Every structure is written in structure tokens, then in C-alpha cells.
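Okay, structure first, notes after.
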Amino acid sequence: MPMDKTFNAAEAEARLYDAWEKAGAFRAGANASRPETFCIMIPPPNVTGSLHMGHAFNNTLQDILTRWHRMRGFDTLWQPGQDHAGIATQMVVERELAKSGQPGRREMGREAFLEKVWEWKEQSGGTIVNQLKRLGASCDWSRNAFTMDPNFQRAVLKVFVDLYEKGFIYRGKRLVNWDPHFETAISDLEVEQVEVNGNMWRLRYPLADGATYRHPVAFDEEGRPTEWEERDYLTVATTRPETMLGDTGIAVNPSDERYAHLIGKEAILPLVGRRIPIVADDYADPSKGTGAVKITPAHDFNDWGVGQRTGLRAINVMSGRATMFLVENPDFTEDCTPSDEALALDGLDRHEARKRIVALAEEQGWLDGIDQDRHMVPHGDRSKVAIEPMLTDQWFVDTAKIVQPAIDAVRTGRTEILPERDAKTYFHWLENIEPWCISRQLWWGHQIPVWYGLDIWPARFEDDGDDTLDEVEIFELLEDGAFNHADPTHHCAFDFEGVSEKFLDDLASLPQPLNNARVIEVASRAEAIDRLAQALADYNLNEDPTHLVYPVWRDPDVLDTWFSSGLWPIGTLGWPEETAELARYFPTNVLITGFDIIFFWVARMMMMQLAVVNEVPFKTVYVHALVRDEKGKKMSKSLGNVLDPLELIDEFGADAVRFTLTAMAAMGRDLKLSTARIQGYRNFGTKLWNACRFAEMNGVWEGHATQAAPPAATATVNRWIIGETGRVREEVDAALAAYRFDSAANALYAFVWGKVCDWYVEFSKPLFDTEAAAETRATMGWVLDQCMILLHPIMPFITEDLWATTGSRTKMLVHTDWPSFGAELVDPAADREMSWVISLIEEIRSARAQVHVPAGLKLPVVQLALDAAGREALARNEALILRLARLEGFTEAASAPKGALTIAVEGGSFAIPLEGVIDIGAEKARLAKTLEKLEKDMAGLRGRLGNPNFVASAPEEVVDEARTRLEQGEEEGAKLSAALARLSEIA
RNA sequence: GGGCGGUUAGCUCAGCGGUAGAGCACUACGUUGACAUCGUAGUGGUCACUGGUUCGAUCCCAGUACCGCCCA
């Protein structure tokens, strides 16, 4: 059955992908013929996500490297998988529940909710995998991993325990970025700064104990105060009046003469009545605002720092949902008697509280004024709500302790980051790294492997010395709830069994019978208190120590998603088991990822792999840029400029989309994607398709079989294209080895379209009628095979389909050996000859077109003076020159006939008689224009060669080349001038 | 404010000390043994600006302007 006119991507893609999968073509090690391994870890997409342009780009590049290495015989693994994406997924599922009118997460409880999440994962988790398959991604799907797989969970928990035991993880009450929408802490990196229009409110805080001072109110030209007023208050400025309820101090700069004398005195916090000290700190900038800053250590990062330095208390005045938390807040009411107006704010949203406080300040006369202000407000990158700095207990990775090996690895080149400038970003971030908050108040994720127990033997409780618990002591414990006042103790272990042992060790030192209590797991601290109290009460009655229990509860929080994806390289390869894959493929070869997650992911993988297995996770990191729309805007749903890769694949085929992304993948530069470009590369696929179709029509594929070595050829044309093929193979390999994907694509485009289709196919047409026909068929078959092979990593579908419909094949293209021939195939003589032939044809075509010779008209041609090389070239290639230049029959003459076109080429010239047909004016203009251009070039060359410094200092070959070019140019110029002179004789 | 980039044809971008390139768009012609998802020919550039280094600068260095991105 003859081939169709175009490749039917829609029909073929699914069929071909299926065939690859059925053949196990993508399995780890498939087609391996050499010992070297090649491994890429996919940056795991969110399990509930869908393919966007960034994924398409990222995965195309990975697939190219993977397919290329696999064809070269490397033992290749492209490890796929998905990320559970804590916040994102939990958000999606909660939204789904709300949409379908089901009870919310809190109503159904943790266990039921997690079931829903797993259901959702089952339902939508395959989407992205199928979309990657549509793109042609040749991952080993049999090894598909998920960050919530049981073995991956084990790895994550084990690493947590490991890092905890090494002292790299700690728990602490710190100010964190709190997302009031999701009610969880988030890391610095998940916060975006958004500039907003707001106000700066000036508030007057009265000084305590009747203190007053003179405050300057007018100044002379040099800024010296000239007038003062007596004040009994201090004015502070704030963008967030609602935080004033948590103020515990006022900072002034010690060098600020206006206020320095107040340092050590106190002010009274309006509404609250709290006495707050005036402290000295450089954070207060005399030139900003009023120069006096209210300090709320529990709700502002800068204030926290001031508080730490000056010993101020931190009072949290908000709940996790950013509503005011006052009435039952002992910290808030300690040492003061808040007004009723203040207590009435309890439970209000922070924004509402702000309005009320400003209104109260105005009413009560302590609002000094309002200035409009534009400032940055931190927002959650997922929730888009304003972040609330919040004082909470969280888990942190002490990054300072593990960062150095990650820095050194890149400095010393163990891992290389490309392009180089991204290494700078990497260093900059790592060298200024902050502790990493890794606990999240979410349900979907890896629950922290830490259990808490009541501190039942706090220091203030004293045993009477007999090491047994008597009735009085039990009563004391129960009644006072002594253990209820101390902070819980905690232990970290891989599982409950492990942690039980640790608690048992603690209990061993306690009095009888507590030292024999059984450790049990309960849900919460409250339940633990109940159970323990109950157990003690029972013991008091029955004195049976075997029923005594020591209840512990697990930390309800989960780990930051990036903590688990930080283990992706070892986790997917089976760590902590010593698997064969781990031994073989780790460290992996290259990571291909977007610049936006250098901090989130790359840096953390480096730190964690080095901390856990003391090895870099990958040898090379290739960082790519963003795919933007054709105007350079970031694609976003709200702008409506999102290009859906799947729609593009439907319209143009996966190969066209892939080729476009590849050709645009210049290192470190954003891609501006337009459909026109994709269409162009779809056409490129069609071009190759039709070249193969042409070959089919000319019997090229009859009896054709895959062959590594080029056929022996004698015809110059065939020798030439074989050499060109050798060149392009070297070029493609060099480009891919250097991650110059764009160079590889462009070299192939220029070769396949510009050399094979434009010239070689045309040259072959007359050759099929000569004795060189068989050789030409063999050459064409071999060359087209090489096109398919070399293009396969970029355009896998069309090439595999062509492979199957042409010749007889022992293997699918996906496993066909990558060629190793190179420029040794170039025959310099053939190269020179074909360059000459091509330029002759181009000259003639150009001349014809410019003097408006009808395209279809065949013209005779007269050969004038011609050197030996030219004569030989002409003799060997006469048929194709006649055909492509639309000429008929060469004759020889000593001089050009009147009214003829003149064609000057290296080594001679030709004339095309056009008596009566020629437009003499046009021909004169053409010659004059050509001469002018030539003269300009020659003038430049003469200038250079006339400069003794150039001849003396420039490399010899540059000087020689300039001389040769000048000679040739002058020769050509002479011919053109002569022709021009002849024409002038006529008209 | 700190850091990192960019500025080359109408558009999108390569290039990079020694003759300025590609694709798209545009103009004219054209169905010639595959391809109109095509062919042939052509138009189009003070390589942002100013200095410097060099025999020679689009390329290296310094500065200026404008535009991006990241971090405060």
C-alpha cells in the first residue's frame, strides 16, 4: 500500500506508544549493550495535576536525553513518578467535597478525609501519566513511584529519624509564616511579597507614671529644631493596628535625640493597659515614620528580632484562622486588665479588628493621623491570603548544619549546574540559608514520626523517697494534674514500637509502679491525660500494676512536601533497602528542571542526599527557563493566554510540539511559544515524510535493510550526501552532549530540509535514469535511515512510523543503534565539486529570475572559459545542472553572444543567450548590483591587506584567506565588468 | 535597595574577535518525476548608546539608557 501524503499523527501516536510499551522498550536497561548507565529522575508532577507547557518542555528534554542514550546502548533508566503535593492536593479535595455538598474535612475527621484523598488520587492520579505518554515520554512506567507509596513513606520517616538523631532536626517555638486559610505553617519560599496600597496609622501611646518630654515640632533650614512641645505620649506608626494588642515594647534608635532619654521608661498600651518598656534598638529608623516603633514579637519577624535582642515578651493574640484570641488567652491578660472594648474584639477577623481599633483610637483620641502608604504584604503562594507571622511550635531542619557539603559539591564540580549563572543563584541562596520549617498542620502527607508523652515526673513533684507511688502521691498527681502543667516530653522513632522502647527507658527511672507501665498510643494529649488519670485512679483502688498504662500520642502534623521530594533520587531507587537499582543508577546522571525550583527542590535534594547517603544525587543539573506566550507573558489562567500542550498535540502532533520546544531550548532563555512556530515544525515532519514517500516511489525501499555503514558510492552526489550525514551526526552528538538542544534540532532541520530534501532528492531524480541508479537508491535509503535515527529522540512518533513502513528492520527504531560514523565520511573532492555545482545552479536561477525569464522556459547555455576542475565537475553533473537550472544542452564558445546573461563562477563563466527575450536594462541592473556588492567586499579586503599591522599580526590563515578571497573576487568582478561593457554596446 | 540577565532583520531568536544567520512574516514568480503542511528568487540589519583594548569589536572591558527576573 503506497504511503499517504502526510503523517497521520492522531492515528499513529497511540498505536506506536502502545507498541513500545508492549515491547518493554522503556524498561530500565532495555537495549543496553554497554556497561555505562544513564539515569534521569523525573521531577515528579503533582499527582492530581495535569500537563502544562512547562511539563511538556521539561519532559521533552528528558525524553531526548533518555532516548539518545538508550539508542547508544547505555543501561538507561528514566524514573517516573508523582508527588503527593500536600497543600495543593488537600486543597483540591476539600474543594471537591464542598462542591458535592459532602461534609468538610473537620466534620469527617482525619481518617475518613484521608480515604477521600486516596480515592481522589486513584481517580485522577493517572491523568498526568497518560498525558506524559501522549507527549511520547519514554519513562519506565513499571517503576512508577509515588511519594506516598509505602516504601517511599518508610524512606521519608527513616530520614527524619536519621536526621533527628544526628541533631539536624529540632523542635522549637518560633515565628513562622502562618497561612490562615490553610491553617498551617509554610516555608519562606512559599510566601510571595505583594505590593498593596495601604495606610500607615500613627498611634499615641501614653507614657507611664506621668512622664513627659519636649518633642521638636519645627526646624530651621539645617534641620535643627526651633520649636518644641510638651508631650506625655509617644507616637508610633504601623501598617497593622490590630497587632497592637500584642505589643510588648516600643523601640527607638539609641542615636535618636528625640527619644533616647525615654529608653528604660514605660508606656501604657491603650485599650489593654499593659505597661510596655521603651527599648533601644537599631531596627528603629529615625528617618522612617515617627522613629518610634511598636514591637509585637509574636506577629512580626522584625519585631521578633527586636524582642530577642531586648528581652521583650512575645504575646500571641490571634488564632490559627487569624481571628483575635483574647478572652481565654492567659498571655494576653497577664499583668494587665484589658478594657471591655479590647475584650469585645475577641473572635473578630483581623481585618475587622483593625477597623474597630482604628475607630476606637479615633474616639478615644489616641489616633495621631493616617498616611497613605504602599508596602509589601506577604501572601501565601497557594491560598493568596495575607500571611500572618505566628508564634507556634514547629519542626525545623537546622540547614546551617547540612548546607556546606551541598555548596562544596557544586564548587568542586562533583555536581555541575548549567547554565552557569544558575549556580550563582544556588550559591547565593545556600550561603544565606535560613532554618527550614518542615512541619505542616495538614493531614495529607507524611505524619511526623514523633510521639509525645506527659511529663509525669516534673521537677516540682517530689516523691517521698521510697520509690513507690503511694496513695497520697497519686492523689497529688491527680488532683493537681501536675503532669498537665509541664510541657510534654517526646521521642522520635520510625514507628510506635521503636518509640515505646524509648519511653520505657524514661519510665524505668520512675517510682513503682509507674516504671512498669505499658506504653499505649492514644489520639491526643487530652486523651492521654484522661487515660493516665483513669489508670492511676484504678491502680489506687485495685493496686494491680499490670493495668497501669503510659499513653503517648503522635505528632498530628505532616512534613513539608519538599522534605519528601527532597529524597526523590534515593527514595525511588528503593533506599533504605540496598537495591540493585540503587547500586546501579545512583548517583543519577542529570536532573532537568525549571529555574523556579532551584531552591525548593534542587538545593534541598543536594543537602538531603549528602546528609543521608553522603553522595550527590546527580552529576549535572540542567536548568531551563519558562515557557511563555508569544508576547512573552507568563501563561496564566487569569490572562487566558495558556496554551494547552494536549490541544497542541491534537492539532499538530506530539512530534511538532516536541521539536518546537527543542529548537527553542536555548540555554537560560525564556521561550516565547507561538502556534505558527509549531506549525512550521509540523511541516518539517511532513517534509521528511514525503522524502521517504518519494524514495518509496523510486524503489528505494525494495530490498532495503538497516545497515550501519554507508554504502560504497562512486557518484559525487552520493559521496557528498554521505559526507554531510557524517557531519550532522557529529554535530548532533556534540550538541546533545553539551545540552545544546536547540543546536541539535537546528542542525537536523538544516540537514534534512536544506541538504537532503532541497538538494539531494532533486539531484537524485536524473540519477535514477543512469547506471548510478542502484547506488543512488542504496545511498538514499541509508541517508533517510540516518535522518530517522538522528531525529528519533526529538520526533519519536513520525520516525518510528516511517521506520516501520520502509525497508526490513530487525529492531524498532527506539532500539536501533545510534551511528558512530563522523566527518571521516566527508570526501573533500566531492564536497568541493557539489559546492561548485550548487553555486552554479543558484547563480543561474538567480539571474533568470532577476531578468524575468519565464520559470518554465528551458534555455540553452554556452560554456565560456572554464578551468579543468570546472570541466570535470560539469561533465559529471551535467544532467542535474541542466535539470535544476532549467537549461537545455551545453555548447562551447570563446566569447559570449550578444544579449546574453552572464554567469560567473569559480574557475570560469557561462553565458545564456537571450537575444530578444532578455530585458537588457534588467540584466544591466542586476550585474551592476552584483558588482557593487562585490566591490564593497573587495574594498574591505583591500583595506585590511593594505594595513601592514594586519598582515603582521593576524594569523597566517586569516591573511591567506583574505588574499584568496580578494583574488577570486577580482576575477569575478572582471568577468562581470566585461559582461556589463558588452551590454552597454548593445543599448 | 541588593543580585542576575537581556537589548542583533517587521516578529521570535541563534551566533560571537576575522565575509551578519535561521524560522516565521513580507514581495514576485511557479503545480517542474515526493511534498502547496510545497518550490524558486528576492526585500529587509549604524548587531541599544558612549568610550576603551586590538591590526581588526556585534562579540572582550568600562560606563549610560531602557526592558525583564529573583531576593529584601
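In what follows, every chain begins at residue 1, and chains take the letters A, B, ... in the order their sequences are listed. All values derive from a computational prediction rather than experimental measurement.
- To the nearest whole angstrom, the two P atoms, one in C38(B) and one in C55(B), are 50 Å apart.
- Taking the P atom of each, C49(B) and C35(B) are spaced 48 Å apart, rounded to whole Å.
- Annotation: G15(B) and A9(B) have their P atoms spaced 15 Å apart (nearest Å).
- The side chain of Lys765(A) places no N or O atom within less than 4.0 Å of a non-bridging phosphate oxygen (OP1 or OP2) of U32(B).
- In terms of phosphate contacts, Gln850(A) brings a side-chain nitrogen or oxygen within less than 4.0 Å of OP1 or OP2 of G42(B).
- Among Arg942(A), Arg963(A), Lys975(A), the single residue meeting the salt bridge (charged side-chain N to carboxylate O under 4.0 Å, His left out) criterion with Glu970(A) is Arg942(A).
- In this structure, of C24(B), A34(B), C4(B), it is A34(B) that holds the atom nearest to the side chain of Cys757(A).
- For Arg740(A) and G15(B), the shortest distance from a side-chain N or O to OP1 or OP2 is below 4.0 Å.
- Closest contact between the side chain of Met697(A) and the listed nucleotides A34(B), C69(B), G33(B) involves A34(B).
- Counting only heavy atoms from C-beta on, Pro955(A) has its side chain closest to G18(B) among G18(B), C35(B), U37(B).
- Taking side-chain N and O atoms only, Thr425(A) has no distance below 4.0 Å to OP1 or OP2 of C71(B).
- Across the C1' atoms, C47(B) and U58(B) are found 4 Å apart, a figure rounded to whole Å.
- As rounded to the nearest Å, G56(B) and G39(B) have C1' atoms that lie 41 Å from one another.
- OP1 or OP2 of C38(B) has at least one side-chain nitrogen or oxygen of Asn683(A) nearer than 4.0 Å.
- Trp753(A) has no side-chain polar atom (N or O) that falls below the 4.0 Å cut-off from OP1 or OP2 of A34(B).
- In terms of phosphate contacts, Arg677(A) brings no side-chain nitrogen or oxygen within less than 4.0 Å of OP1 or OP2 of G23(B).
- Between Asn947(A) and Trp759(A), the residue whose closest nucleotide on RNA chain B is further toward the 5' end is Trp759(A).
- Below the 3.5 angstrom threshold, one finds a donor paired with an acceptor across the side chain of Arg883(A) and the base of G33(B).
- OP1 or OP2 of A36(B) lies within a sub-4.0 Å distance of a side-chain N or O belonging to Lys5(A).
- The stretch residues 678-687 of chain A participates, sequence neighbours left out, in these side chain to side chain donor-acceptor pair (under 3.5 Å) pairs: Arg677(A)-Tyr681(A).
- The side chain of Ala954(A) sits closest to C55(B) out of C55(B), A34(B), U12(B).
- Side-chain atoms of Ser953(A) lie closest to C55(B) of the nucleotides G23(B), C55(B), G33(B).
- Nucleotides G1(B) and U64(B) place their P atoms 13 Å apart, quoted to the nearest Å.
- Note: CG (Leu859(A)) to P (U32(B)) measures 17 Å, nearest angstrom.
- Glu762(A) comes within 4.0 angstrom of a nucleotide base, judged by non-hydrogen atoms across all strands.
- Nearest nucleotide to the Arg845(A) side chain, out of G5(B), G39(B), A41(B): A41(B).
- Across all their heavy atoms, Val700(A) and Met780(A) have their closest contact at CG2-SD, 3.8 Å.
- Between His624(A) and Tyr622(A), the ring planes lie tilted relative to each other; the angle falls in the 30° to 60° range.
- Nucleotides A62(B) and A57(B), compared at atom C1', are 14 Å apart to the nearest Å.
- Using atom P as the reference point in both G52(B) and C11(B), the two lie 31 Å apart (nearest Å).
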